[in-house]
Amino acid sequence: MAATGIRPFHYEASKDELADLKRRIAATKWPDKEQVPDATQGVQLATMQKLAHYWATEHDWRKCEAKINALPNFLTEIDGLDIHFIHVKSKHEHALPIIITHGWPGSIIEQLKVIEPLTNPTAHGGTEADAFHVVIPSLPGYGFSGKPTKPGWNPVSIAKAWATLMERLGYKNYVAQGGDWGNAISEVMALQQPPGLLGIHTNMAATVPPNVSKALSAGGPPPAGLSPEEKHAWDQLDDFYKNGLGYAIEMNNRPQTLYALADSPVGLASWMLDHDIRSYKMIARVFDGKHEGLSRDDVLDNITLYWLTNTAVSSGRLYWDTAHNLPPGGFFDVRGVKLPVGVSAFAEEIYQAPKSWSEKAYVKLAYYGRHPVGTHFAAWEQPTLFVSDVRATFKTLRT
């Protein structure tokens, strides 16, 4: 088959792999309890022990596996690497194609809840005019995609690969969506302006003005004259830069050192939970039995996918490749996107992008939605709000 071919994909973990996972969880060597009553020293022992107990005794990977395999999954080779993607076409004739990109520590599992309402809007409060054909790729080195064997896969090259993928699928016009790395890749696609890309939507916008970015990097006080919304965003970012970047610093510099993540399921889980404090607190509440946008199974489905595909280290190399092979710049710095952009600002994201910053960052701001709920994993945790914002963003771009 030609390298440009598209091949069906099906995944089934072996019984031995699943038995080994349970054995390793049960054999976890636990550290002492943290010395403080909060999460300032990191992921708390009680949370991890509750997670491990549920993982070993109640979580059923086969249920998640069945959900994935019930969807059309494919592989295609782009620039020498197999790229995995889910491709669900709407029954509605004039559906708009959309490519949705996950981030770290996410995966395609983040987007599973939004596929049905995006492709079948008439069954989910929308009209035929809200329909999308949905493409959800796994990032290189993540999930079921191939693992790069040499440097070079970063937001610039991935953005080009996604344009190739949409062209290969026969889409003349389409839109892109993402959060976390997915936002970086979608924004870079907008900068590259491949033929057919009409606009993007982000749930983790890059809107931080240069003076704010400079003050954050210097660890200094906020610039004068910030509005209450802007000061709130500053406070969130300041806390993240001072207390929440440990994982990114390590993966920017030494991802290969993280051998323990490939050897210990609980080590992997704790690393993935420690992304940002507000998402962590939400997940901790889940394992305390509280009802949240994510369930215990949601959280463990995603971690188990990383474990079974052995992508803890390969996914981390995306940070290294970006830090070492692209020009320096803050993750939230304004990039100068000229295409239409929709912004969803969720309350408990790393920072809730103010409308004032969004209007300056995106000269064609097509939509802005500010929500009183929602963490870093918007499509996963708040799928109804997410879908509503995506529909609103692209309503005027449909032809």
Side-chain angles (χ1 to χ4, degrees), residues 88 90 92 94-103 110-111 113-122 124-136 159 162-163 166 171 173-194 196-207 332 334-347 349 352-374 376-399:
V88 182
S90 174
H92 299 298
H94 299 294
L96 177 63
I98 184 171
I99 183 166
I100 306 178
T101 309
H102 66 82
E110 275 189 79
Q111 284 87 28
K113 296 176 186 177
V114 303
I115 295 173
E116 172 66 15
L118 288 174
T119 57
N120 189 17
T122 55
H124 297 272
T127 68
E128 287 189 26
D130 296 314
F132 292 86
H133 300 309
V134 175
V135 179
I136 304 173
W162 279 194
M166 296 303 277
Y171 291 132
N173 292 297
Y174 62 94
V175 294
Q177 197 288 325
D180 195 270
W181 283 116
N183 172 67
I185 291 159
S186 298
E187 289 204 15
V188 171
M189 288 181 75
L191 295 176
Q192 294 171 349
Q193 295 190 29
L197 180 63
L198 303 175
I200 68 171
H201 172 269
T202 173
N203 55 276
M204 198 190 78
T207 68
F332 305 110
V334 175
R335 293 185 173 90
V337 173
K338 300 296 192 293
L339 292 182
V341 180
V343 172
S344 293
F346 288 90
E349 179 54 276
Q352 190 171 26
K355 188 174 184 181
S356 58
W357 290 359
S358 301
E359 289 171 335
K360 293 175 183 175
Y362 306 119
V363 293
K364 293 183 179 178
L365 185 67
Y367 174 83
Y368 177 86
R370 186 177 179 88
H371 302 294
V373 295
H376 184 67
F377 305 101
W380 204 15
E381 189 206 341
Q382 300 292 335
T384 301
L385 292 174
F386 177 93
V387 167
S388 177
D389 284 4
V390 169
R391 289 174 179 171
T393 294
F394 299 123
K395 193 172 289 290
T396 61
L397 298 184
R398 293 175 180 269
T399 56

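Owing to the predicted nature of the structure, the values given are computational and were not obtained by experimental measurement. All heavy atoms count here, side chains included; hydrogens, waters and symmetry mates do not.
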Of all residues at least two apart in sequence or in a different chain, which pass the side chain to side chain donor-acceptor pair (under 3.5 Å) check with [X]?
{"X": "Gln193", "result": "none"}
{"X": "Tyr362", "result": "Glu187"}
{"X": "His92", "result": "none"}
{"X": "Thr384", "result": "none"}

Shortest non-hydrogen separation from [X] to [Y] and the atoms involved:
{"X": "Val188", "Y": "Ala159", "answer": "CG1-CB, 3.8 Å"}
{"X": "Ser186", "Y": "Ile200", "answer": "O-CG2, 3.7 Å"}
{"X": "Phe394", "Y": "Ala176", "answer": "CZ-O, 3.7 Å"}
{"X": "Thr127", "Y": "Pro121", "answer": "O-CG, 3.1 Å"}
{"X": "Val341", "Y": "Val337", "answer": "CG2-CG1, 3.7 Å"}
{"X": "Ala345", "Y": "Tyr368", "answer": "CB-OH, 3.7 Å"}

Spatial distance of atom [atom1] ([X]) from atom [atom2] ([Y]) [nearest 0.5 Å]:
{"X": "Tyr174", "Y": "Leu197", "atom1": "OH", "atom2": "CG", "answer": "5.0 Å"}
{"X": "Thr202", "Y": "Ile185", "atom1": "OG1", "atom2": "CD1", "answer": "11.5 Å"}
{"X": "Leu118", "Y": "Lys113", "atom1": "CG", "atom2": "NZ", "answer": "14.0 Å"}
{"X": "Asp389", "Y": "Asn203", "atom1": "CG", "atom2": "CG", "answer": "9.5 Å"}
{"X": "Phe332", "Y": "Thr207", "atom1": "CZ", "atom2": "OG1", "answer": "9.5 Å"}
{"X": "Asn173", "Y": "Arg398", "atom1": "CG", "atom2": "CZ", "answer": "12.0 Å"}

Between Val114 and Val390, is a side chain to side chain contact (heavy atoms under 4.5 Å, CB included) present by the stated rule, with each step listed? CA-CA 10 Å; Val114 303; Val390 169; over 6 Å; no
Here's a test for you: under side chain to side chain donor-acceptor pair (under 3.5 Å), which of Gln177, His201, His371 qualifies with Ser344?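 With Ser344 as partner, Gln177, His201, His371 yield a single side chain to side chain donor-acceptor pair (under 3.5 Å), made by His201.
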Sub-3.5 Å donor-acceptor pair from the side chain of [X] to the main-chain atoms of [Y], do we have one?
{"X": "Ser90", "Y": "Thr119", "result": "yes"}
{"X": "Asn183", "Y": "Met204", "result": "yes"}
{"X": "Arg335", "Y": "Leu191", "result": "no"}

Pairs flagged by salt bridge (Lys or Arg N to Asp or Glu O under 4.0 Å) wherever residues 353-362 is involved - sequence neighbours left out: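 Passing the test, one end in residues 353-362: no pairs.
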Counting C-beta onward and ignoring hydrogens, is there a side-chain heavy-atom pair between Val373 and Leu385 closer than 4.5 Å?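 Heavy-atom side-chain distance check passes, below 4.5 Å.
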Using the six-membered ring of Phe132, assess whether NZ or CZ of Arg391 lies under 6.0 Å from its centre and within 45 degrees of the ring axis.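 No, cation not above the ring by the 6.0 Å, 45° rule.
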Over 60° means perpendicular and under 30° means parallel, so classify the ring planes of Tyr171 and His133, tilted if in between.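 Parallel: the ring planes of His133 and Tyr171 meet at under 30°.
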Does Phe377 have any ring-ring contact (aromatic ring centres under 6.0 Å, His included) partners at least two apart in sequence or in another chain, and if so, which?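 For Phe377, the residues satisfying ring-ring contact (aromatic ring centres under 6.0 Å, His included) (neighbours in sequence not counted) are Trp380.
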Give the C-alpha distance, both sets of side-chain angles, the deciding distance and a yes or no for side chain to side chain contact (heavy atoms under 4.5 Å, CB included) between Val387 and His124. CA-CA 10 Å; Val387 167; His124 297 272; over 6 Å; no
